[in-house]
Amino acid sequence: MAASHAGLQIVTPFTPSPILVALDSVGKTFANGVTALANVSIGIASGEFLSLLGPSGCGKSTALRIIAGLIEPTAGRVTWADSTDADHRSQIGFVFQEPTLMPWATVAENVWLPLRLRGLTKRDARDRIAESLALVGMSDFARAYPHELSGGMKMRVSIARALTLRPRLLLMDEPFAALDELTRFRLNDDLQKLRRQLGCTVVFVTHSVFESVYLSDRIAVMSARPGCIVAEVRIEETGDRDVNFRTSALYAQLCRDVSRLLAGSDAMEPL
Amino acid sequence: MMSAQPSKLASSRSRGQTVLRIAMPLGILLLAIAGWEAYVQIAAVPPYILPAPVLVARTMMADWPLLWASLLVTLETTILGLCLAVIGGVALAILFSLSRVVEYSLYPLAVVLQVTPVIAIAPLLLIYLPQDVAVLACAWIVAFFPVLSNTMLGLQSVDRNLLGLFELYGTTPAPGAFAQLRSRARALWILRRPAALPAFMAGLRIATGLSLIGAVVAEMAAGSAGAGSGLAYRMIESQYRLNIPRLFAALVLLAIVGVILFLVMAAISHLALRRWHESESGRER
Ligand SMILES: Nc1ncnc2c1ncn2[C@@H]1O[C@H](COP(=O)(O)OP(=O)(O)OP(=O)(O)O)[C@@H](O)[C@H]1O
Ligand SMILES: [Mg+2]
């Protein structure tokens with residue numbers, strides 16, 4: 001199985017360091033008896049871009065929600081590295097598959113929400129809101145309402161909202177799945193830039209092999225229900241992730257390998 | 001700019017459409033009235049069976065002081081009943097959204113109140129309550145439920161993920177019951193209240209029509225008992241006296257009141273939602 005092209009390295013239990021947050025034999029069985037996750041163990045390294053790649057329904061969203069602490073795992077546990085009792089939630093930014101904006105509020109008010117919940121008035125938050133909107137290139141639309149924006153613009157606002165608290169960990173649940181390809185490429189590039197600029201750790205859920213290869217430092221391939229991680233792929237030394245990379249032979253090779261892993265994920269034994 | 005011309009065109013087209021949408025039903029209404037007048041004249045129908053529109057109009061003018069006073073009575077009952085329904089319905093919906101226990105124990109009773117035909121309750125209310133209060137209670141009972149159920153629906157219609165964000169960024173998850181209530185109240189204010197507005201407005205529109213119906217039904221039930229002075233009472237009275245033209249005049253006024261109330265509610269809903277909701281933003285598809 002172990003392929004050895006430049007840049008691709010398939011690793012058995014791999015844990016880069018230093019770890020920001022770790023899942024330890026995490027499992028989740030819902031009240032209705034559905035086991036969404038079984039025995040998932042992975043460490044998320046500080047500063048890395050990790051993709052969770054898997055077929056629909058394999059528990060990717062569930063895993064993300066567990067990391068965010070929105071649902072409790074029924075087995076195993078989630079440990080944060082600097083495990084003071086400080087609230088980890090404030091260090092998390094969450095971007096959903098849908099933009100999930102409040103339709104009655106302007107773009108600026110939507111971005112204000114996390115700050116508002118932290119007790120900041122709109123005036124106090126003004127600079128932070130402007131900053132976040134500038135990061136995603138939406139400064140000109142602060143007063144617009146969501147229904148006046150395109151899908152890609154809404155997604156940008158959603159990302160801006162996730163960034164307002166300057167999270168250490170950005171969790172993204174198939175954020176670009178509903179967008180057309182051109183918009184998705186543009187947002188992929190912008191996400192790269194943002195991440196370099198802010199230096200935050202990203203866990204990115206997707207079912208697109210191409211997207212995961214393009215963006216990630218590491219890809220965790222998941223199997224269908226009950227979801228577990230069947231392979232990890234490290235992608236490094238690729239130089240800049242840009243059009244050149246997207247059209248390179250290396251990229252094609254990586255995509256092919258990851259696709260193969262994904263296709264075989266059902267047959268594979270969990271790591 | 002490229003966009004200037006088409007948008008001007010589109011707006012003039014949409015204005016033409018608006019005119020058409022008002023003119024068409026009005027034209028058909030006028031046609032129907034003309035046909036009615038013609039039929040009465042040609043077939044020589046006696047006015048105590050079917051009065052001609054012109055006669056109805058004349059009666060309305062002649063009896064205007066009386067009818068106007070009645071109209072105000074009915075209108076007052078309707079609006080007061082509606083206001084009480086809104087206050088009660090919204091308050092209860094909020095209570096339900098804050099506490100499951102309250103919802104489970106009270107909601108079925110509200111449903112029972114709703115499914116019991118109001119016409120069957122009216123005579124009872126008239127026995128136990130002073131007449132004007134009974135009429136008001138009737139209007140309130142029928143208007144109450146649509147406000148309650150629509151507001152409840154609206155309060156629940158918040159995106160689950162938005163609630164997730166609330167959990168994520170909200171105050172530290174303190175376990176206390178009071179803290180929990182506080183965070184719920186916060187989500188209620190910031191998320192559920194605006195999210196519920198469209199459904200609430202829909203409920204309000206339904207409730208307005210129903211409040212008028214409740215008032216009329218109660219007035220009619222009371223009318224046969226004697227006292228009272230609303231429009232519906234005038235109708236019953238005119239019926240006894242075989243003053244059919246006045247009955248029609250009162251009926252027409254009731255219809256006009258209904259239409260005006262409907263338009264007022266549509267305007268309120270438009271003002272409240274136009275900035276962001278699809279149903280009112282008039283965005284071109
Ligand atoms: N609240 C819930 N109650 C019961 N079952 C659930 C719940 N949430 C998710 N599931 C089930 O858990 C499984 C995994 O769901 P999840 O949403 O995590 O998948 P996913 O990998 O994100 O899928 P997709 O790519 O389609 O978003 C699914 O079979 C789903 O039906
Ligand atoms: Mg999902």
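Letters A, B, ... are given to chains in the order of the sequence lines, protein chains preceding strands, and every chain is numbered from 1. Any value given below was found using the heavy atoms of this structure, including those in side chains, with hydrogens, waters and symmetry copies removed.
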Given a strict heavy-atom distance threshold of 4.5 Å, which part of A:L115 is in contact with chain B: side chain, backbone, both, or neither? neither

Structural part of A:R65 lying under 4.5 Å from a heavy atom of chain B: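 A:R65 touches chain B through side-chain heavy atoms alone.
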
What's the shortest heavy-atom distance between A:I92 and B:L168, and which atoms? CG2-CD2, 4.1 Å

How close do A:R116 and B:R186 get, counting heavy atoms only, and between which atoms? O-NH2, 3.2 Å

Atom [atom1] of residue position [X] - does it have more than 12 heavy atoms of other residues, nucleotides or ligands inside 6.0 Å?
| X | atom1 | result |
| --- | --- | --- |
| A:R126 | CZ | no |
| A:R77 | CZ | no |
| B:R193 | CZ | yes |

Non-hydrogen side-chain atoms of B:F166 and A:L113 separated by less than 4.5 Å: yes

Side-chain contact, heavy-atom cut-off 4.5 Å: B:I190 with A:L117?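 In contact.
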
Less than 4.5 Å to any heavy atom of chain A: does that hold for the side chain of B:L197, its backbone, both, or neither? neither

Under a 4.5 Å heavy-atom cutoff, which of B:L165, B:N161, B:L191 has the most pairs with chain A? B:N161

Distance alone, cut at 3.5 Å: any donor-acceptor contact between the side chains of A:Y145 and B:R275? yes

State the CG-CZ distance between A:L70 and B:R160, to the nearest 0.5 angstrom.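 Between A:L70 CG and B:R160 CZ, I get 10.0 Å after rounding to 0.5 Å.
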
What distance do B:Y169 atom OH and A:T164 atom OG1 have between them, rounded to the nearest 0.5 Å?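 Separation between the atoms: 6.0 Å.
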
